[in-house]
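Quick caveat: nothing in here was measured; it's all calculated off a predicted structure.
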Amino acid sequence: MKLVFPNGESEQVELKPGENVVGSDDDCQVVLKQEGIAAHHAQITMDNGSAMIGVRDATNITRVNGTLVAARTPIKAGDALLFASIQCQVVGAEGQQAAPPPPEPEPVRKPKNEASQTVMRAAIPKYLLRGVSGSTFGKNYPLHTDQVIGRHSDCDICLPNDEVSRRHAKILVTPTGLFVEDLDSSNGTFVNGERVTKAELKAGDELKLDMVRLLVQMPGVDAAKPKSTAERTAVPEEPAKSSSARWAIIMVLVIAAAVLGLKLSGMI
């Protein structure tokens, strides 16, 4: 079992049998020098392939999938850990961050002795948010209708992070596209690093709610390189002249130069 740090705060660390201490001291098995990390911040105990995480001091903020660690807590491949503000992912021995999603089910038919009706598979969503940090890492949020994102359990997409407002932002699914609207959140809503009140979302855009990052995906649509708000509203430049037009101008100049040379030599 390994710890992988997607933001590069540390190289990946393979957990050894016994106790693996996470902290800022050089004697720790997982050394993190960033601000907020205690000398001996937390410990992960490996025993016969299973792992438990705990803290010696309750003030050492440690979370598993967004839940604060107050007592020894089991962890497994695919779990997201947070040490202060440092995020990491638990990866299994095979190098997989989480179990792969089950294959899309084929239509299920009832036995002949029951009412025979085909159960159709769920429609593929046009829009999708994929978590790329913290407790959302690797999670998919299909967007069929408008969705409210926030910390409160009543939200359509609940993000149990203290920095996320109770009702942080709203995703608007419209016939003309996908939009996000900030709901007067405390820490702001960002699209590709720019704070927005309301903005359109395109495939490949990064939606950020404080430290929570979500990637906008549109199944079947290639993700273009995210553009800034200014780039999206900029007027395109006039197209350059075609290649054939450039060659015609060059030929005219060559002929004119040849005629001028003949005149100067007295042949014309």
Next item on the list: Scan for salt bridge (Lys or Arg N to Asp or Glu O under 4.0 Å) pairs involving residues 148-158, sequence neighbours excluded, and state none if there are none.
Entry: none
Check: Please walk me through it: do Asn187 and Leu209 pass side chain to side chain contact (heavy atoms under 4.5 Å, CB included)?
Finding: CA-CA 7 Å; Asn187 294 319; Leu209 312 180; over 6 Å; no
Item checked: Arg63/Glu163 ion pair, N-O < 4.0 Å -> no
Margin query: With a 4.5 Å cut-off on side-chain heavy-atom distances among I, L, V, M, F, W and Y, is there a chain of contacts connecting Met218 to Val180?
Written below: yes
Item checked: Side chains of Val216 and Leu129 in contact at under 4.5 Å (non-hydrogen atoms) -> yes
Note to self: Test of understanding: with side-chain contact (heavy atoms from CB on, under 4.5 Å), list the residues that count as partners of Ile86, not counting sequence neighbours.
What the structure shows: Phe5, Glu9, Leu32, Gln34, Ile37
Check: Should we count CZ of Arg195 as having more than 12 external heavy atoms under 6.0 Å?
Finding: yes
Item checked: Flag side-chain contact, heavy atom, 4.5 Å: Ile157 against Val148 -> no
Check: Any donor-acceptor pair under 3.5 Å linking the side chain of Ser186 with the backbone of Ser165?
Finding: no
Check: Applying the 4.5 Å side-chain criterion to the ILVMFWY set and letting contacts propagate, would Val64 and Val22 be lumped into a single cluster?
Finding: yes
Margin query: Hydrophobic clustering (ILVMFWY, side-chain heavy atoms < 4.5 Å, transitive) - are Val91 and Leu82 grouped together?
Written below: no
Notebook entry, point to check: Do Cys28 and His40 come within less than 4.5 Å of each other through their side chains, counting heavy atoms only?
Noted result: yes
Notebook entry, point to check: Hey, are the side chains of Gln43 and Val30 touching, using non-hydrogen atoms and a 4.5 Å cut-off?
Noted result: no
Check: Considering only heavy atoms from C-beta outward, does the side chain of Val13 approach that of Gln29 to under 4.5 Å?
Finding: no
Item checked: Minimal non-hydrogen separation, Asp146 against Lys170, with atom names -> CB-CE, 4.0 Å
Next item on the list: Determine, step by step, whether Lys198 and Leu172 satisfy the side chain to side chain contact (heavy atoms under 4.5 Å, CB included) criterion, reporting the C-alpha distance in whole Å, the side-chain angles of both residues, the deciding distance to 0.1 Å, and the verdict.
Entry: CA-CA 10 Å; Lys198 184 175 182 179; Leu172 305 172; 3.8 Å; yes
Next item on the list: Would you please test Thr145 and Val173 for side chain to side chain contact (heavy atoms under 4.5 Å, CB included) and show each step?
Entry: CA-CA 6 Å; Thr145 59; Val173 181; 5.7 Å; no
Notebook entry, point to check: Can you find a heavy atom in the side chain of Leu207 that is under 4.5 Å from one in the side chain of Val191?
Noted result: yes
Notebook entry, point to check: Can Met1 be reached from Val31 by stepping across I, L, V, M, F, W or Y side chains whose heavy atoms are under 4.5 Å apart?
Noted result: no
Next item on the list: Spell out, as yes or no, whether a donor-acceptor pair under 3.5 Å connects the side chain of Asn140 to the backbone of Arg130.
Entry: no
Checklist line | Closest non-hydrogen atom pair between Asp182 and Gly188, with its separation | finding: OD1-C, 3.9 Å
Notebook entry, point to check: Any side-chain heavy atom of Ile44 within less than 4.5 Å of one from Leu3?
Noted result: yes
Check: Less than 4.5 Å apart, any side-chain heavy atom of Ile171 and any of Leu178?
Finding: yes
Next item on the list: Write down the atom of Tyr127, the atom of Gly177, and the distance for their closest heavy-atom approach.
Entry: OH-CA, 3.5 Å
Item checked: Reported SG-to-CZ distance for the pair Cys88 and Phe137, which is rounded to 0.5 angstrom -> 10.0 Å
Notebook entry, point to check: Looking only at heavy atoms, what is the nearest atom pair of Gly36 and Ala84, with distance?
Noted result: O-CB, 3.6 Å
Next item on the list: Consider only side-chain N and O atoms of Asp57 and Thr59, and report whether a donor and an acceptor are under 3.5 Å apart.
Entry: yes
Margin query: Looking at every heavy atom in both Ser133 and Arg213, which two are closest together, and how far apart are they?
Written below: OG-N, 2.9 Å
Checklist line | Considering all heavy atoms, the nearest Cys155-Ile149 contact | finding: SG-C, 4.2 Å
Notebook entry, point to check: Rounded to the nearest 0.5 Å, how far does CZ of Phe83 lie from NE2 of His41?
Noted result: 7.0 Å
Item checked: From Asp79, Ile53, Val55, residue fulfilling side chain to side chain contact (heavy atoms under 4.5 Å, CB included) relative to Thr73 -> Ile53
Item checked: Lys202 with Glu200: basic N within carboxylate O range, under 4.0 Å -> yes
Check: Is Val212 reachable from Leu201 through a run of I, L, V, M, F, W or Y residues, each pair having side-chain heavy atoms under 4.5 Å apart?
Finding: yes
